[in-house]
2 protein chains.
Amino acid sequence: MAVGPCESTEGSPVKRASGRSHCPINFGLEAFGDPWSLLVVRDIVYFGKRTFAEFLASEEAIAPSVLAARLERMTTAGILRRSPDLADRRRVRYDLTERGLALIPVLVELAEWGATTDPATGAPADWIALVRADKAGMVARYTEAVREGRSVFVGDDSVAARVAAARAATG
Amino acid sequence: MAVGPCESTEGSPVKRASGRSHCPINFGLEAFGDPWSLLVVRDIVYFGKRTFAEFLASEEAIAPSVLAARLERMTTAGILRRSPDLADRRRVRYDLTERGLALIPVLVELAEWGATTDPATGAPADWIALVRADKAGMVARYTEAVREGRSVFVGDDSVAARVAAARAATG
DNA sequence: TCCGCTCACTACGATCATGAAAGTGATCTC
DNA sequence: GAGATCACTTTCATGATCGTAGTGAGCGGA
């Protein structure tokens with residue numbers, strides 16, 4: 001019987017098509033384990049960005065060649081879906097697929113680690129507390145929002161805006 | 001008021017010592033956002049590895065120079081603690097600090113994403129189900145185990161062994 | 001229709017990181 | 001003392017990244 005998720009495949013009848021192992025952690029790292037990929041996912045989830053130029057404008061200043069490479073890799077990995085904008089045919093939209101939406105729990109844990117660890121974090125303490133108090137609920141809200149084309153922080157119908165409105169109504 | 005965790009720091013009195021931004025996600029990615037760092041953490045948490053040679057022997061075949069660089073970076077980041085082995089002075093132990101233990105939730109989510117996404121995953125389905133059913137509980141078990149020098153999968157007193165024993169006793 | 005602008009990239013050269021293999025010195029075992 | 005083991009280091013070819021400057025398609029206003 002399997003002793004763990006990353007046991008060797010030596011001697012296994014299953015041939016490895018590509019990649020270093022069938023460990024699920026390694027699988028994830030091969031798909032988005034670099035310093036840039038998850039920033040694109042973050043931009044979509046938290047800030048509602050969708051286009052090349054918007055990703056490029058992020059504070060962390062990714063180079064266009066690197067951004068193009070990451071978008072292509074994540075599209076190939078089934079995390080992103082590329083679609084032309086019919087209204088403005090210069091534009092291309094990148095949306096998260098269901099597989100991409102499934103990265104939201106990873107993103108939330110990563111954000112919590114960073115916020116807890118970085119003494120100079122830019123994350124607001126009250127929001128961190130909110131997420132910590134009801135992680136599953138917040139992940140569900142995030143996921144629903146992004147699926148509907150909204151975002152966590154940007155826009156009148158963002159998750160943050162709705163939470164603020166609910167608080168105001170309750171008192 | 002802060003609109004989100006990654007707002008620009010332009011014009012802020014806070015000077016950025018290093019790094020691309022104060023976004024907590026970016027902070028995490030700068031500390032361990034590469035294809036190798038989390039594999040070392042995985043080796044510690046899931047397999048109870050602690051030494052250079054053990055990390056080097058992993059299926060994914062990291063190069064020694066890269067491993068040395070990652071260990072140093074994670075030690076500097078406060079994720080790992082480096083300590084000489086008093087019994088065998090050739091050996092050096094790498095243990096997770098509390099900050100490193102706090103990465104376990106990230107690792108668990110990453111593993112779940114990989115296991116769900118990879119059709120040829122090496123992760124056993126029953127274990128994935130177990131983690132999904134009680135994520136917070138399993139993270140607590142993992143953390144306690146690693147803190148005590150045990151691991152998730154390897155050893156007589158691993159988390160998996162204890163779960164199996166509890167199951168056998170209950171029925 | 002022309003002009004300038006925006007869009008999603010691509011091209012390029014310098015610099016940086018990685019991969020593979022071999023080597024080093026300290027230390028342990030026999 | 002010989003040989004193995006340990007944690008690295010070195011070297012070098014190859015590949016990735018950074019920063020900047022295009023490029024061509026498409027839009028919007030005059």
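In what follows, every chain begins at residue 1, and chains take the letters A, B, ... in the order their sequences are listed.
Mapping heavy-atom proximity under 4.0 Å, the span of DNA chain C touched by chain A runs 5' to 3' from C/dT6 to C/dT10.
No continuous path of hydrophobic side-chain contacts links A/I128 to A/F47 [ILVMFWY only; heavy atoms under 4.5 Å].
Protein atom CZ of B/R50 is 18 Å distant from nucleotide atom C1' of D/dC6, rounded to whole Å.
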When the side chains of residues 155-168 of chain A are checked against the rest of the protein, which donor-acceptor pairs come out under 3.5 Å, sequence neighbours left out?
unit_1 : atom_1 : unit_2 : atom_2 : d
A/S158 : OG     : A/G155 : O      : 3.2
A/S158 : OG     : A/A161 : N      : 3.0

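Between the side chains of A/K49 and A/S151, not a single donor N or O lies within less than 3.5 Å of an accepting N or O.
Checked by atom type and distance alone, the side chain of B/E54 pairs as donor or acceptor with a backbone atom of B/R50 at under 3.5 Å.
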Between B/E98 and B/R147, does a salt bridge (charged side-chain N to carboxylate O under 4.0 Å, His left out) hold up when you go through it step by step? CA-CA 8 Å; B/E98 284 300 312; B/R147 201 179 268 136; 2.9 Å; yes
Would A/T117 and B/F27 count as a side-chain contact (heavy atoms from CB on, under 4.5 Å) if you check the C-alpha gap in whole Å, the side-chain angles of each, and the deciding distance to 0.1 Å? CA-CA 9 Å; A/T117 304; B/F27 184 85; 3.6 Å; yes
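The aromatic ring centroids of A/W113 and B/F32 lie less than 6.0 Å from each other. If you look at A/F52 and A/Y94, their ring centroids are not closer than 6.0 Å.
Rounding to the nearest 0.5 Å gives a distance of 14.0 Å between CD1 of A/I79 and CG of A/D95. The CD atom of B/E59 lies 10.5 Å from the CZ atom of A/R20; values are rounded to the nearest 0.5 Å. Between A/H22 atom NE2 and B/D118 atom CG the span is 5.5 Å, to the nearest 0.5 Å.
Partners of A/R90 according to the salt bridge (charged side-chain N to carboxylate O under 4.0 Å, His left out) rule, which considers only residues two or more places apart in sequence or in another chain, are A/D88.
End-to-end axis angle of the helix from C/dT1-D/dA30 to C/dC30-D/dG1, from C1' rotation axes over five pairs per end: 30° (rounded to 10 degrees).
At the heavy-atom level, B/R93 lies nowhere under 4.0 Å from the strands shown. Nucleic acid contact for A/A53: sugar-phosphate only, since backbone atoms but no base atoms lie under 4.0 Å from a heavy atom of the residue.
Within the 4.5 Å cutoff, side-chain heavy atoms of A/S37 are placed close to those of A/R73.
A heavy-atom distance below 4.0 Å to DNA chain C is reached by these residues of residues 64-77 of chain B, ordered by number: B/P64, B/S65, B/V66, B/R70.
Contact check, B/Y94 against D/dC8: a side-chain N or O comes under 4.0 Å of OP1 or OP2.
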Any N/O pairs under 3.5 Å between the protein and nucleotides 27-30 of chain D? List them or say none.
unit_1 : atom_1 : unit_2 : atom_2 : d
D/dC27 : OP1    : A/R89  : N      : 3.0

